[in-house]
**Q** 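Below is one structure. I have some questions about it.
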Amino acid sequence: MEDTNTQKAGKTLRGTVVGVEMKDTAKVAVARYVKHPKYKKFIKQVKKFLVHDPENTASVGDKVVIRESRPISKRKNFVLESNESTTK
């Protein structure tokens, strides 16, 4: 049976590389705006994800797209999908 569905599962996020000190891993900061429940003010929240980068292509300051995957280690659940800084 032929499988024509090539869509990959998992969340896709955009962020900025903030660290590449570890082997095969980049640290990516993803920012989002959330509304404060009491004061109704929009607040910028930043969360950092460890991302699997097996070819070590990311460098600090790059804009990247990351995709959720199976757990690779205790804190690493995302893989580097594309690097928007090098494709332009």
Side-chain angles (χ1 to χ4, degrees):
M1 184 169 164
E2 186 176 330
D3 186 12
T4 58
N5 188 7
T6 59
Q7 184 177 7
K8 296 177 181 174
K11 290 188 231 175
T12 303
L13 304 172
R14 291 178 191 273
T16 305
V17 177
V18 294
V20 291
E21 295 85 12
M22 296 166 273
K23 182 185 173 201
D24 298 338
T25 304
K27 190 185 300 182
V28 176
V30 176
R32 64 187 182 106
Y33 283 95
V34 294
K35 192 174 187 179
H36 191 281
K38 182 175 181 180
Y39 300 111
K40 313 298 182 198
K41 181 179 178 180
F42 282 94
I43 303 167
K44 182 179 180 181
Q45 287 189 342
V46 178
K47 184 169 183 175
K48 294 176 186 166
F49 297 94
L50 294 183
V51 177
H52 188 59
D53 180 18
E55 298 170 358
N56 295 315
T57 57
S59 59
V60 174
D62 286 351
K63 304 286 184 191
V64 294
V65 177
I66 60 175
R67 179 177 46 85
E68 192 173 22
S69 71
R70 64 175 177 83
I72 297 167
S73 69
K74 182 179 177 182
R75 295 180 53 210
K76 196 159 62 167
N77 298 317
F78 284 86
V79 295
L80 188 68
E81 183 80 13
S82 65
N83 192 339
E84 296 177 344
S85 298
T86 59
T87 57
K88 290 184 180 176

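In this chain, residues are counted from 1 in sequence order.
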**Q** Testing the basics here: between Ala58 and Asp53, what is the closest heavy-atom pair and its distance to 0.1 Å?
**A** N-OD2, 3.1 Å
**Q** For the backbone of Gly10 and the side chain of Glu68, can you confirm whether one donor and one acceptor N or O come within less than 3.5 Å of each other?
**A** no
**Q** Run the side-chain contact (heavy atoms from CB on, under 4.5 Å) test on Asn77 and Phe49 for me, step by step, so that the C-alpha distance in whole Å, both residues' side-chain angles and the decisive distance to 0.1 Å come before the verdict.
**A** CA-CA 8 Å; Asn77 298 317; Phe49 297 94; over 6 Å; no
**Q** Which atoms form the tightest heavy-atom contact between Val20 and Ser59, and what is the distance?
**A** CG1-CA, 4.3 Å
**Q** Kindly give the heavy-atom pair with the smallest separation between Val30 and Ile66, and that separation in Å.
**A** CG2-CD1, 4.4 Å
**Q** Using a 4.5 Å cut-off on heavy atoms from C-beta on, say whether the side chain of Val28 contacts that of Phe78.
**A** no
**Q** Is there a donor-acceptor pair closer than 3.5 Å between any side-chain N or O of Ser85 and the backbone N or O of Lys63?
**A** yes
**Q** Looking at Glu55, is its backbone amide N or carbonyl O close enough to the side chain of Thr57 to form a donor-acceptor pair, meaning the two atoms are under 3.5 Å apart?
**A** no
**Q** For the pair Val65 and Glu84, evaluate side-chain contact (heavy atoms from CB on, under 4.5 Å) and give the outcome as yes or no after the intermediate values.
**A** CA-CA 7 Å; Val65 177; Glu84 296 177 344; 3.3 Å; yes
**Q** Looking at every non-hydrogen atom in both residues, tell me the closest pair between Ser69 and Ile72 and how far apart they are.
**A** OG-CD1, 3.8 Å
**Q** Return each pair, listed once, that meets ring-ring contact (aromatic ring centres under 6.0 Å, His included) where at least one residue sits in residues 10-35; pairs must be two or more places apart or across chains.
**A** none
**Q** Looking only at non-hydrogen atoms, find the nearest pair between Leu80 and Val51 and report the distance.
**A** N-CG1, 3.3 Å
**Q** Can you sort out the partners of Phe42 under ring pair (Phe, Tyr, Trp, His ring centres under 6.0 Å), two or more places apart, ordered by chain and number?
**A** none
**Q** Less than 3.5 Å apart, any donor N or O on the side chain of Lys76 or His52 sitting next to an acceptor on the other?
**A** yes
**Q** Specify the closest pair of heavy atoms between Val46 and Ala29, including all atoms of both residues, with the distance to one decimal.
**A** CG1-CB, 3.8 Å
**Q** Between Asp62 and Val64, is there a donor-acceptor pair closer than 3.5 Å when you use the side chain of the first and the backbone of the second?
**A** no
